[in-house]
Amino acid sequence: MIRVNLDLMLVRRGKTLTELAEAIDISLPNLSILKTNKARAIRFSTLEGICKELKCQPCDLLEYVPEDTSEDEQR
Amino acid sequence: MDSGIWVTRQAGYLGTASIPVILGTGEERQFEVTFSGNPEDEISAAYMDETEGTMRLETNSAMLVWISNAAKLIVAIGVAYIIYLLRAVVQAIRDGDPFMAENPSHICHLRFTVLILGFLGPSVEHIVATKILERLPMAVPVLSPGPSFDVSVILAALFILLLAHIWGYGLELERERALTI
């Protein structure tokens, strides 16, 4: 699965989800869906906006985690 | 399908029960049916309405009249349910959200109802007609109440099945879109 490390990047940059949502013009509920890994897809424009605001690269936000590892971590 | 009329039984009032029969071809459009026994308590007259179609009985038996209306009652209930389902689907489309989660199931129920009406209606009519004919001491050659299944109903059910699958796919796409950030 692809894990979205948005919460980590927010902590590193000292921003809140609300501030990010206002900055990139994405609704807070949608950004929450992304943060909690419930999203099914992400637009390049959204990814660009997040990277621009948090001054990071896409690889900082997106991480591939094998299914077995993700299940072990959830336990 | 002609299966009788609604009659409220009143004292001395003759109702009309109709049953479909298959008799064969002939030139006369209407002729009387004779009985070998005595059905006077229930039947006052019986005649073939058309040689290919319907036997009509003049009867003061509410039971016979209501039995002959059984198939029509089932069809009426089914049609009411179909209208209810269609109304729900049309309402969702009017509200601008056709791909609600309930709509594919509504359409599936629509398909089953159409199929049931298409098969159950004629089958019930066949059973009802058989029961009525069994109660009549007929003096004519054996009449056969034949069910008539409408092919258009089967085609309509298949079309609705296709519609249900397409609608389900649309719902999946809508969910995908909603979860695309």
Side-chain angles (χ1 to χ4, degrees), chain A residues 1-13 15-67 70-71 73-74, chain B residues 78-118 153-181:
Chain A
M1 62 168 280
I2 300 294
R3 181 189 291 163
V4 180
N5 295 318
L6 186 59
D7 46 357
L8 283 177
M9 289 309 302
L10 285 171
V11 168
R12 285 179 189 170
R13 298 292 185 261
K15 285 184 182 289
T16 64
L17 199 65
T18 307
E19 290 168 352
L20 181 63
E22 287 173 359
I24 64 175
D25 198 23
I26 300 272
S27 68
L28 189 58
N30 279 350
L31 219 48
S32 291
I33 290 174
L34 193 62
K35 177 170 163 282
T36 54
N37 288 291
K38 288 187 173 61
R40 288 198 187 180
I42 182 170
R43 295 187 181 90
F44 283 146
S45 58
T46 304
L47 194 56
E48 181 183 346
I50 295 174
C51 289
K52 187 177 177 183
E53 186 63 26
L54 297 181
K55 296 180 177 56
C56 64
Q57 293 293 318
C59 60
D60 296 325
L61 288 168
L62 304 175
E63 177 189 359
Y64 168 70
V65 178
E67 288 293 336
S70 64
E71 285 171 4
E73 285 182 2
Q74 283 176 7
Chain B
V79 168
Y81 186 53
I82 286 174
I83 291 172
Y84 164 76
L85 291 173
L86 280 175
R87 184 179 170 276
V89 172
V90 168
Q91 186 68 38
I93 294 172
R94 279 182 55 192
D95 291 341
D97 188 14
F99 295 108
M100 289 173 58
E102 295 83 12
N103 278 347
S105 70
H106 282 157
I107 294 177
C108 270
H109 289 163
L110 199 63
R111 169 174 60 100
F112 282 123
T113 308
V114 168
L115 267 178
I116 287 171
L117 288 185
V153 171
I154 298 171
L155 291 176
L158 287 174
F159 175 73
I160 295 172
L161 171 65
L162 182 65
L163 209 61
H165 277 289
I166 293 172
W167 215 284
Y169 183 65
L171 179 63
E172 185 58 32
L173 287 178
E174 176 68 16
R175 282 181 181 154
E176 190 90 19
R177 190 194 66 79
L179 291 176
T180 297
I181 311 301

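Every value quoted in this text rests on a predicted model; they were computed, and no experiment measured them. Here is how names work: the chains are called A, B, and so on, in the same order as the sequence lines, proteins then strands, and each is numbered from 1.
- Within 6.0 Å of atom CD in Glu48(A), 12 or fewer heavy atoms from other residues, nucleotides or ligands are found, so the atom counts as exposed in its surroundings.
- Taking every heavy atom of both residues into account, Asn30(A) and Ile181(B) meet most closely at O-CD1, 3.6 Å.
- Heavy atoms closer than 4.5 Å to chain B are found in the side chain of Ile33(A), but not in its backbone.
- The line from CD1 of Ile42(A) to CG of Leu179(B) is 12.5 Å long, rounded to the nearest 0.5 Å.
- Other residues, nucleotides and ligands contribute more than 12 heavy atoms inside 6.0 Å of the CZ atom of Arg13(A).
- Taking every heavy atom of both residues into account, Arg43(A) and Thr180(B) meet most closely at NH1-O, 3.4 Å.
- Heavy atoms from other residues, nucleotides or ligands lying under 6.0 Å from CG of Asp95(B) number more than 12.
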